[in-house]
Protein chains: 2
Amino acid sequence: MDAPPRWLDPEQKAAWDSFIRMQETLIGRLSRRVQAESGMSASDYIVLHNLTERGDGRMRFLDLAKLVEWEKSRMSHQVTRMAKRGLVAREECPDDGRGAFIVATPAGYKAIEEAAPQHVEHVRRLFIDALTPNQLSTLGRISKRILDHMEKQPD
Amino acid sequence: MDAPPRWLDPEQKAAWDSFIRMQETLIGRLSRRVQAESGMSASDYIVLHNLTERGDGRMRFLDLAKLVEWEKSRMSHQVTRMAKRGLVAREECPDDGRGAFIVATPAGYKAIEEAAPQHVEHVRRLFIDALTPNQLSTLGRISKRILDHMEKQPD
DNA sequence: ACGAAATCGTTGACAGCTCATCTACTGGCG
DNA sequence: CGCCAGTAGATGAGCTGTCAACGATTTCGT
């Protein structure tokens, strides 16, 4: 045990560093934009987007949490804050006494409908437009591949 | 003005979604690992890594902040927390009365030296090993390209 | 040399995330 | 029925990140 660390070779390290910096810069800029332009946090945006995109803006708490792949505690805090700001509301679930529905309020719909087009523009401007269609689809395939690989890995 | 939103077409959206999910899952797992195995937060790791990698574990505050591309306020809070835990120390700068040096303590060195090999293993396991060398270098090139593109874009 | 502007870094308030713990309800099994 | 395991979700403490404002020093123009 305690084998010598297998450091990354220079090409691997270069690729990793570029990826990390790119991803951090991109996400950082996008979330600051959403925040500045809509007054919503990036998390608010994600929740409303997923809640309203398909369906009727109404979802079981844990279904929503699974959809966006968040821990339930994170979602619970998030919903509390958003409820405080009037973007969503909690509703009791008749079928299951423990359960709760999360519902987008009219203000929530308004917020996401105003924010979404701007957000798409920024995604285009910073990300999509940087690449040829081919590169974009390559990046998509590679991402999917990493994702599939991670699913097979512990933790 | 108020042109109709130009939504992403299905291939674009698929690529974007995969990328986002991949990146979130990957970063999330890596930082939980660092946290669990070394007791350091991902931010602690980044700071110590960059502070000790080249040079003598001693850097001007803003140089360090620029190196890791953080806002100075974030760095300041981070350094305060790390100093409290004994990982780094602040030192006055003789040349510039406003300035400060950040120095890695022996405990800081110990922490990063223990954590780094484990971290590399996780990067390999979750990321590098998912791809062929070709795919990895392609991802590196694409990342770099996005990065360069963003630098030319406002904010 | 002197005042204005720029630079270096800190601080406080507040929103967000994680982890552990807790309550309430359901559902299964004897 | 009655107990017990599992599920749904909330909560509190503590750490992290952001934004705006601030104090201290240096630099630059005149």
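Chain letters run A, B, ... following the sequence lines, proteins first, then strands; residues in each count from 1. These values consider heavy atoms only, across backbone and side chains, with no hydrogens, waters or symmetry-generated copies. Just so we're clear, the structure is a prediction, and the values are computed from it rather than from any experiment.
With DNA chain D read from its 5' end, the first of the two nearest nucleotides for Lys66(A) and Arg32(A) is the one closest to Lys66(A). For the pair Pro94(A) and Leu62(B), both in contact range of DNA chain C, the more 5′-proximal nearest nucleotide belongs to Leu62(B). Comparing Gln35(A) and Arg74(A) by the nucleotide of DNA chain D whose heavy atom lies nearest to each, the residue mapping closer to the 5' end is Arg74(A). Each of Asp96(A) and Asp63(B) has a nearest nucleotide on DNA chain C; the 5'-most of these lies closest to Asp63(B).
Here the P atom of nucleotide dG16(C) and the OH atom of Tyr45(A) are 17 Å apart, to the nearest Å. As rounded to whole Å, 14 Å separates atom P of dA15(C) from atom CE of Met82(A). Distance Ile46(B) CD1 to dC15(D) C1': 15 Å, rounded to the nearest Å. Atoms CE (Met75(A)) and P (dG16(C)) sit 13 Å apart, rounded to a whole Å. Here the P atom of nucleotide dT27(D) and the CG atom of Asp95(B) are 10 Å apart, to the nearest Å. In this entry the distance linking NE2 of His77(B) with C1' of dC15(D) reads 12 Å, nearest Å. dT7(D) atom C1' lies 13 Å from atom CZ of Phe61(A), rounded to whole Å.
For the pair Asp17(B) and Arg21(B), the salt-bridge criterion is not met [side-chain N within less than 4.0 Å of a carboxylate O]. Remark: Lys144(A) engages Asp148(A) in a salt bridge, criterion side-chain N to carboxylate O under 4.0 Å. Classification of Glu121(A) and Arg125(A) as a salt-bridged pair fails, no side-chain N sitting under 4.0 Å from a carboxylate O. The pair Asp44(B)-Arg85(B) counts as a salt bridge, with a side-chain nitrogen and a carboxylate oxygen less than 4.0 angstrom apart.
Which of dT16(D), dC19(C), dG9(D) sits closest to the side chain of Arg81(B) comes down to dT16(D).
Counted by atom type alone, His122(B) and Glu37(B) present one or more donor-acceptor pairs between their side chains at under 3.5 Å.
Residue side chain Ser73(A) reaches the base of dC19(C) through a donor-acceptor N/O pair under 3.5 Å, judged by distance alone. No hydrogens or angles were tested; on distance alone, a donor-acceptor pair under 3.5 Å links the side chain of Arg98(A) to the base of dT7(D).
Residue Gln78(B) has no polar side-chain atom (N or O) positioned under 4.0 Å from OP1 or OP2 of dT16(D). Under 4.0 angstrom from either OP1 or OP2 of dA15(C) there lies no side-chain N or O belonging to Arg85(A). Listed pair Arg60(B) / dG9(C) meets the phosphate criterion, a side-chain N or O lying under 4.0 Å from OP1 or OP2.
The residue Ser41(A) sits close only to the backbone: its heavy atoms come under 4.0 Å of sugar-phosphate atoms, none of a base. Using a 4.0 Å heavy-atom criterion, one finds that Thr80(B) contacts no nucleic acid atom at all.
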